[in-house]
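Accompanying notes for the structure given below.
Residue numbering restarts at 1 for every chain, and letters A, B, ... go by the order of the sequence lines.
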Protein chains: 2
Amino acid sequence: MLKYQHIADELENYIEENKLQQGDKLPVLQELMNQFKVSKSTVTKALELLENRGVVFQVRGSGIFVRRHKRSGYISLISNQGFKKMLEEFHITSKVIELDVRKPTKEAALNLNMGLDEDVYYVKRVRYIQGQTLCLEESYFNKSLIPYLNNEIITESIFNYITNGLGLNIGFGDTFLHVDKLTAEEAKYLELTEGDPKLYVESIYHLTNGQPFDFSKITYNYVQSQFFVQAVL
Amino acid sequence: MLKYQHIADELENYIEENKLQQGDKLPVLQELMNQFKVSKSTVTKALELLENRGVVFQVRGSGIFVRRHKRSGYISLISNQGFKKMLEEFHITSKVIELDVRKPTKEAALNLNMGLDEDVYYVKRVRYIQGQTLCLEESYFNKSLIPYLNNEIITESIFNYITNGLGLNIGFGDTFLHVDKLTAEEAKYLELTEGDPKLYVESIYHLTNGQPFDFSKITYNYVQSQFFVQAVL
DNA sequence: CATCATAATTGTACCGGTACAATTAATCAA
DNA sequence: TTGATTAATTGTACCGGTACAATTATGATG
């Protein structure tokens, strides 16, 4: 684990464990340098990361302060870390409806940058939060990059498997979303009524070398889902 | 203007003007250093910024590549820069419905971290995109920070006025969103039907010193609005 | 001509430093 | 006590450097 990532995680835990509130001050840069025995630039990099995650903000001449608005129950649209924490914090379970190897749709092939004759793993599942349906999720994984998947891996954490099991490096993701009305089929899965609102999210995740490996389409139950993002100004 | 910001903007323009496609390679770090006559860390910082904006991705040992999926018409949820570009690129106009000084609601006071007896500027307006209604927007500005507003400033760019006119430094924003059904009143403004889907977005913008100055609630017309965000992994 | 080892390229982590801007604390005058 | 001035604190921009990991190019080998 990289030093600056480790420091960022430590600080985030520190904030959480000590239940620091918005505006509370963290130790100054110099002190953090001493504490972690690293150079200034390493601490700075850790703090930049926390700024992008929306955890702290820094004020020149004043200090480092806690941000975290802590509207609990909100799902972070920008960090997969956040999603993983959600899974733990709340009772999010999932049921796999379909799992097989197949040829990609034109749309999937385009987004995964692969040929129509190549193979993908197709996964369709429903996620539940505290007994209620949270979302309906369809994913396409490039099989030449993710050669094997099974029910257990999916139920645990696919991203964790890709990183630790396969030794691949996940780099970045593009997420597109819009609002629409539920189709009859979607409504059935989400236990809602046709025409009800939905949040539809498409995500394309890439390895650090830029190769897309996962194209996912998620339809959220509007009753159960609240999101947040950080504005970069 | 800071060097690294300038370099980031230059590179973004370069990509746009030369119509570089996804995967196209940019000059290597060393070359950018020579070209802009700055140190490595400055170029690196500029590239980090572009990575967070979702414009490029970097591959160790290989180079710097263009990302930009360019699904045109999508509004960036994370960068106000992006919103400003939208205003220019498309024909986004707005009509001010209300503009006055008043006391904040409890909700606004809480989010703006101010007393119920202090003053806010309240702005209610509808935005149009290519003739269609895009959204209904209610904003509260802390009057002790933004002492004066008028119709012209609002129609132009408030953020630009705050930065250049008032000399304040905008730092960061928190954005919360969920999906719901339109109320009768909202439907009237958006020229839709009660019960139709809406994307509801709350944003709180802060100065660099952490003080919130703007609390805005936006209700989007689901037909006209598509969004994207970058996942930070 | 394919394969494998090796070298060159290229970005990232991390160090340590100077200058400076914004804030806060200390000092002093009225 | 107040208000202005000065000094100390604290984070940010920018420089230049070393080491290294991942990729790509090279060249030797069969």
Taking only nitrogen or oxygen atoms into account, show me every contact under 3.5 Å that the protein makes with nucleotides 23-25 of chain D, one pair per line with its distance.
| unit_1 | atom_1 | unit_2 | atom_2 | d |
| --- | --- | --- | --- | --- |
| D:dT24 | OP1 | B:Ser62 | OG | 3.4 |

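- Taking the charged nitrogens against the carboxylate oxygens, A:Lys124 and A:Glu137 have no contact shorter than 4.0 Å, which rules out a salt bridge.
- Taking the six-membered ring where the residue is Trp, the centroids of A:Tyr205 and A:Phe215 are separated by 6.0 Å or more.
- Residues satisfying the side chain to side chain contact (heavy atoms under 4.5 Å, CB included) criterion with A:Asn169, sequence neighbours excluded, are A:Thr208.
- For DNA chain D, the residues of residues 33-46 of chain B within the heavy-atom distance limit of 4.0 Å (strictly under) are B:Val38, B:Ser39, B:Lys40, B:Ser41, B:Thr42, B:Lys45, sorted by number.
- B:Leu99 approaches B:Asn151 most closely through the heavy-atom pair CD2-N, 3.7 Å.
- If you check every strand for non-hydrogen atoms under 4.0 Å, B:Leu47 touches nothing.
- Listed for the A:Glu17 side chain is no donor-acceptor partner under 3.5 Å among the backbone atoms of A:Tyr14.
- The residue among A:Tyr4 and B:Pro27 whose nearest nucleotide of DNA chain C lies closer to the 5′ end is B:Pro27.
- A salt bridge between B:Arg53 and B:Glu12 is present, with a side-chain N of the basic residue lying under 4.0 Å from a carboxylate O of the acidic one.
- Residues meeting the side chain to side chain contact (heavy atoms under 4.5 Å, CB included) test with B:Asp24, sequence neighbours left out: B:Leu20, B:Gln21, B:Val66.
- Annotation: salt bridge (Lys or Arg N to Asp or Glu O under 4.0 Å) contacts of B:Glu107 (sequence neighbours excluded): B:Lys217.
- Among the protein residues, A:Leu29 comes within range of the nucleic acid bases, having at least one heavy atom under 4.0 Å from a base atom.
- Taking 4.0 Å as the cut-off between side-chain N and carboxylate O, A:Lys103 and A:Asp117 do not count as a salt-bridged pair.
- Within the 3.5 Å criterion, the main-chain N or O of B:Gly115 finds a donor-acceptor partner in the side chain of B:Glu118.
- DNA chain C is contacted by both A:Lys3 and B:Gln30; B:Gln30 maps to the nucleotide lying nearer its 5′ end (nearest heavy atom per residue).
- The outermost nucleotides of DNA chain C lying under 4.0 Å from heavy atoms of chain A, listed 5' to 3', are C:dA13 to C:dT24.
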